[in-house]
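Just so it is clear, the model here is predicted, and its values are computed rather than measured. Just so it is clear, the values below take in all heavy atoms, side chains as well, and ignore hydrogens, waters and symmetry mates. Each ligand, and each atom within it, is numbered from 1 in the order the structure gives.
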Amino acid sequence: MSKHLKVTFQCYVLINCIFWALLLVMRLKRFLLRYYPPGIILEYEQGGQVKTKSIDLLDLASTDDALSIAQNLSLKEPLITQTRIPQVQKLVTKLQEKIGSTGDRQFYLFKVLRAHILPLTNVAFNKSGSCFITGSYDRTCKVWDTASGEELQTLEGHRNVVYAIAFNNPYGNKVATGSFDKTCKLWNAETGQCYFTYRGHTSEIVCLSFNPQSTVIATGSMDATTKLWDVQSGQELSTLSGHSGEIICLSFNTHGDQVLTGSFDNTVCLWDVHTGQQTNTLIGHRGEIANAHFNFDCSLIATASMDRSCKLWDVRTGHCIATLRGHEDEVFDIGFNYTGQQIVSASADATARIYDAGTQKTIAVLEGHESEVSKVSFNPQGTHVLSGSADKSARIWDVNTGECMQVLEGHTDEIFSCVYNYEGDTILTGSKDNTCRIWR
Ligand SMILES: *[C@@H]1O[C@H](CO)[C@@H](O)[C@H](O)[C@H]1NC(C)=O
Ligand SMILES: *[C@@H]1O[C@H](CO)[C@@H](O)[C@H](O)[C@H]1NC(C)=O
Ligand SMILES: *[C@@H]1O[C@H](CO)[C@@H](O)[C@H](O)[C@H]1NC(C)=O
């Protein structure tokens with residue numbers, strides 16, 4: 001090699017190294033706080049792109065020393081340099097203040113909205129809780145302002161019941177609706193404009209979800225398939241075929257790379273979102289699946305079934321870890337608290353039950369409803385449970401004592417849907433009586 005060539009080559013290597021180093025260098029832009037579950041999101045720039053990574057602090061206690069936590073994080077996370085430690089310490093303190101709050105409050109009826117001319121199917125908040133959506137048998141979905149109770153938009157176009165609805169949270173600028181007319185529609189939440197109608201299912205759509213990045217919509221149908229659709233282009237991405245029965249529920253994991261589907265064929269399937277391949281099947285229930293969820297760290301799945309039991313599954317192996325018994329009738333709903341240590345279930349036997357995910361023992365039986373309990377969830381703080389029932393009431397329960405703290409009464413027919421907002425300070429109930437109630 002001539003000397004000239006050698007130098008040129010060395011220069012070339014050096015420039016290449018600098019180029020790659022520049023691409024790899026991460027520059028912290030800002031910190032974002034996430035209260036439920038507690039975490040710090042780092043927004044940083046790398047190779048000209050803005051990226052985020054989250055530091056989960058699920059085990060954070062209000063008594064922990066914030067400075068020492070910040071110091072420990074700085075040891076593990078290169079983006080948190082020495083000079084950032086005081087800032088991180090402040091954020092940890094803020095999270096601790098939030099954790100210290102129990103979410104205790106007495107809810108009162110804030111507004112009754114004569115929302116639809118036929119029964120409601122589902123209700124959902126946007127992340128801040130400033131607006132919400134209602135789906136109905138009247139073939140529409142409506143967007144509402146929570147504070148004023150004003151109707152902001154009517155999303156019209158479906159030719160049959162609008163059953164499944166979702167906001168693209170955390171953004172909240174798009175709404176997806178799934179209908180018995182076999183199509184899914186994507187809407188602009190602010191203008192009511194329909195961006196796309198996703199066609200391809202051959203039976204009713206009964207469940208749907210955005211992935212956490214809000215780039216993909218998954219729809220589950222009575223045609224036994226789940227389809228993934230692109231939010232940007234309106235194209236179908238893949239069809240997840242494998243179930244031999246109707247799809248009744250679906251859920252993305254926290255990273256958005258896996259989706260689970262529950263079916264009337266008694267199984268839950270796990271799918272790789274990128275390839276559309278089935279990666280596992282959870283076999284064991286002896287009745288239809290009613291609902292299924294991942295825990296926050298995506299290591300476990302909890303399932304509720306018409307066989308009167310719930311099961312806990314290891315996501316990695318697909319093995320059933322435990323069967324949670326006690327209900328005397330079909331189980332309709334199930335949920336984890338965000339640390340994944342507790343599970344709540346709702347049943348046709350008119351009770352809800354809280355289980356310890358570790359010991360799989362029943363912690364509390366929530367007794368008081370006079371008819372089927374169809375919906376159940378923890379508040380974001382993990383201190384209370386909200387249940388909705390065919391007895392026309394919703395109830396709030398204390399997780400530690402199992403006592404009913406409040407009965408939300410007034411609906412004149414079954415409650416199909418009840419949800420907390422992100423802060424846990426507003427509740428929405430949707431009923432067969434065509435109304436929706438806001439409780440604050
Ligand atoms: C920080 O790390 C040390 C050493 O691993 C550990 O002993 C300590 O408990 C940690 N502090 C906190 C508050 O997490
Ligand atoms: C809630 O929804 C409204 C209207 O779609 C939107 O303007 C607002 O940014 C949303 N807030 C959040 C944080 O989701
Ligand atoms: C979840 O359950 C565990 C175990 O009972 C409890 O310690 C924790 O506070 C709960 N967490 C939240 C906030 O959901």
Protein heavy atoms: any of them under 4.0 Å from atom 14 (O) of ligand 3?
yes
Is at least one protein non-hydrogen atom found at under 4.0 angstrom from atom 11 (N) of ligand 1?
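Given the 4.0 Å limit, the answer for atom 11 (N) of ligand 1 is yes, a protein heavy atom qualifies.
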Give a yes or no on whether a salt bridge exists between R30 and E43, defined as a side-chain N under 4.0 angstrom from a carboxylate O.
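Yes.
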Has ligand 1 got any nitrogen or oxygen that is less than 3.5 angstrom from a nitrogen or oxygen of S68?
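By distance alone, the answer is yes.
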Looking only at the aromatic ring of each residue, does the gap between the centers of Y422 and Y36 stay below 6.0 angstrom?
yes
Heavy-atom proximity to atom 1 (C) of ligand 1, best of L75, T63, N72, V92:
N72
Looking only at protein heavy atoms, which one is nearest to [atom], and what is the separation?
atom: atom 5 (O) of ligand 3; value: Q342 NE2, 2.7 Å
atom: atom 8 (C) of ligand 3; value: N337 ND2, 3.9 Å
atom: atom 7 (O) of ligand 3; value: Q341 OE1, 4.1 Å

Quick check: are there more than 12 heavy atoms from other residues, nucleotides or ligands sitting under 6.0 Å from CD of E45?
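Check passes, neighbour count above 12.
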Would you indicate whether K94, at its atom NZ, is surrounded by more than 12 heavy atoms from other residues, nucleotides or ligands within a distance under 6.0 Å?
no
Can I69 be said to touch ligand 1, with heavy atoms closer than 4.0 Å?
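I69 counts as a contact of ligand 1 under the 4.0 Å cut-off.
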Polar side-chain atom of N253 near backbone of Q258 as donor-acceptor pair, under 3.5 Å
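Confirmed, N253 side chain pairs with Q258 backbone.
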Give a yes or no answer on whether the side chain of S54 reaches the backbone of D56 with a donor-acceptor pair at less than 3.5 Å.
no
On a heavy-atom basis, which atom in L250 and which in G220 lie closest, and how many Å separate them?
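Scanning both residues completely, I find the closest heavy atoms to be CD2-N, 3.4 Å.
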If we only consider heavy atoms of Y338, is any one of them less than 4.0 Å away from an atom in ligand 3?
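Flag set, Y338 near ligand 3.
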